[in-house]
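All residue numbers refer to positions in the sequence shown, counting from 1.
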Amino acid sequence: MLEPDAEQQQRKNLADTLRQLRKAAGLSGERLAVRAAMSQSKVSRIESGKTLPTVADVERIMTALDVQPAARDELLALARSANVEYTSLRSSARQGIWRSQAEIKALTESASVVRQFLPAIPSGLIQTRDYARAVLTPGVEGRPARDIDRAVQARLDSQGSLNDESRRFCFLLTEQAVRLKRAAASVMVEQLQHMAGASQRPNVDLAILPNAALVNASPLNVFVAYDDRLVLAEIFAGEVALRDYRDIMYHLNIFEHFYERALTGEDARRVLKSAADQFMRTRD
């Protein structure tokens, strides 16, 4: 669940401002729609606040209205801000972490290509039950959690989206994410073997960025790109949703930078086997 107050006010301000600018220009909604090359219903939804316009939408409307540069810059800043949403882990826990899993499933099923950058742990879409339970169970004071059993089941249910071969999934992990002991050694062995199996699905591309690779960027945080329309970036306290196309393109560029230096196919599976063998030797 997204933090509501500031976001709703920003959306309302954006909608109100766009409506006022149209009226000041003496245009009907229909006329603006023609000039901006969008449907009248979309203009209406944007002005009523029912639809959040993208930054590109706002640029098209301002061009159609011939908005002056100073006002244009101010409104673009508002649009960019409104297109960033923050969801705190606390609010997710209050609503039930399982709900977040259901939202992720819905997002996944709305995308043709899902790219996940995973510098810390494997994606929930390729986790075993025991590994999912380990990572969803709070281990540090201050992390809220409720309904762990339900959250684990919701995560496993979300994996059904992998069966839709019309969608493409690209999981890009760092070697650290593969070798980090996030659960008991026996659970890690099962998890790594599970990922090796998942990597052979026809619609799954699993890549591993080796520690020895020379990179020109830092793998700071987990993020998921749904096509080229939404990026969700994960931080310790929650999640940030980015819809500004410049933010999205930047994250896609980061993804490609690391992917070009990563191991894929049999080379990636050899890293998984090596890590599994290492955990097997230290099995609890």
Side-chain angles (χ1 to χ4, degrees), residues 1-22 32-33 35-39 42-88 91-92 100 103-104 106-108 110-119 170 172 216-259:
M1 179 65 73
L2 301 173
E3 300 291 350
D5 297 342
E7 290 168 16
Q8 291 303 320
Q9 189 58 51
Q10 284 181 333
R11 292 185 181 203
K12 184 176 184 307
N13 291 345
L14 182 59
D16 290 346
T17 303
L18 289 172
R19 185 173 60 254
Q20 290 164 8
L21 285 171
R22 175 180 61 76
L32 172 60
R35 285 193 181 186
M38 60 178 63
S39 69
K42 183 173 182 179
V43 170
S44 177
R45 290 196 304 274
I46 289 173
E47 292 188 352
S48 65
K50 292 179 181 175
T51 293
L52 175 64
T54 64
V55 176
D57 288 335
V58 174
E59 286 181 324
R60 287 163 64 189
I61 291 173
M62 288 191 297
T63 299
L65 294 174
D66 194 23
V67 175
Q68 294 301 306
R72 186 184 184 95
D73 291 345
E74 187 176 337
L75 200 54
L76 277 177
L78 182 58
R80 291 186 187 108
S81 180
N83 274 276
V84 176
E85 298 170 343
Y86 170 65
T87 306
S88 79
S91 65
S92 294
S100 301
E103 289 174 3
I104 291 171
L107 278 171
T108 300
S110 70
S112 298
V113 182
V114 179
R115 299 174 181 85
Q116 299 200 1
F117 179 60
L118 306 156
C170 188
L172 173 53
N216 298 320
S218 301
L220 294 178
N221 56 274
V222 173
F223 67 83
V224 181
Y226 297 92
D227 296 324
D228 58 356
R229 59 186 173 82
L230 173 67
V231 167
L232 297 182
E234 191 172 325
I235 57 177
F236 278 110
E239 189 175 72
V240 177
L242 304 168
R243 293 188 175 84
D244 185 336
Y245 67 91
R246 296 176 307 177
D247 293 331
I248 293 170
M249 292 311 298
Y250 177 55
H251 280 78
L252 292 178
N253 289 342
I254 291 172
F255 190 94
E256 286 304 315
H257 176 80
F258 290 131
Y259 184 83

Worksheet item: Sub-3.5 Å donor-acceptor pair from the side chain of Asn221 to the main-chain atoms of Ile235, do we have one?
Response: no

Worksheet item: Do you know the tightest heavy-atom contact between Leu172 and Phe255?
Response: CD2-O, 3.6 Å

Item to complete: Supply the atom-to-atom distance Leu52 CG to Arg45 CZ, rounded to the nearest 0.5 angstrom.
Response: 12.0 Å

Item to complete: Locate the shortest heavy-atom distance separating Phe258 from Pro219; write the atom from each residue and the value.
Response: CZ-N, 3.8 Å

Worksheet item: Can you name the closest pair of heavy atoms from Leu230 and Arg243 and give their distance?
Response: CD1-CG, 3.9 Å

Discussion item. Run the ring-ring contact (aromatic ring centres under 6.0 Å, His included) test against Phe223 and tell me which residues pass, sequence neighbours left out.
Written reply: Phe117, His251

Worksheet item: How many angstroms lie between OG1 in Thr17 and CZ in Arg19, if you round to the nearest 0.5 Å?
Response: 9.0 Å

Item to complete: Hey, could you give me the NZ/CG distance between Lys42 and Leu32, rounded to the nearest 0.5 Å?
Response: 11.5 Å

Discussion item. With side-chain contact (heavy atoms from CB on, under 4.5 Å) as the criterion, how do Met38 and Val43 come out once you've worked through the C-alpha distance, each side chain's angles and the decisive distance to 0.1 Å?
Written reply: CA-CA 7 Å; Met38 60 178 63; Val43 170; 3.8 Å; yes

Response to the item:
In this structure, CG of Leu18 is separated from OG of Ser48 (nearest 0.5 Å) by 11.5 Å

Worksheet, complete the sentence: Sequence neighbours excluded, the answer for side-chain hydrogen bond (donor to acceptor under 3.5 Å, both in side chains) partners of Arg22 is Glu47

Discussion item. Gln116: which residues meet the side-chain hydrogen bond (donor to acceptor under 3.5 Å, both in side chains) condition with it, sequence neighbours left out?
Written reply: Ser123

Name each donor-acceptor pair under 3.5 Å that joins a side chain in residues 63-79 to protein atoms two or more places apart or in another chain, with its distance.
residue: Thr63; atom: OG1; partner: Glu59; partner atom: O; Å: 2.9
residue: Thr63; atom: OG1; partner: Arg72; partner atom: NH2; Å: 3.2

Worksheet entry | Any residue meeting side-chain hydrogen bond (donor to acceptor under 3.5 Å, both in side chains) with Thr54, in chain and number order, not counting sequence neighbours | Asp57

Fill in: Check: Arg115 side chain, Leu252 main-chain N or O, donor-acceptor pair, under 3.5 Å
no

Practice prompt. I would like to know whether Tyr245 and Asp228 meet side-chain contact (heavy atoms from CB on, under 4.5 Å); could you show each step before the answer?
Written response: CA-CA 8 Å; Tyr245 67 91; Asp228 58 356; over 6 Å; no

Item to complete: Please name all residues satisfying side-chain hydrogen bond (donor to acceptor under 3.5 Å, both in side chains) with Ser44, sequence neighbours left out, ordered by chain then number.
Response: none

Worksheet item: Does any non-hydrogen side-chain atom of Pro119 lie less than 4.5 Å from one of Val222?
Response: yes

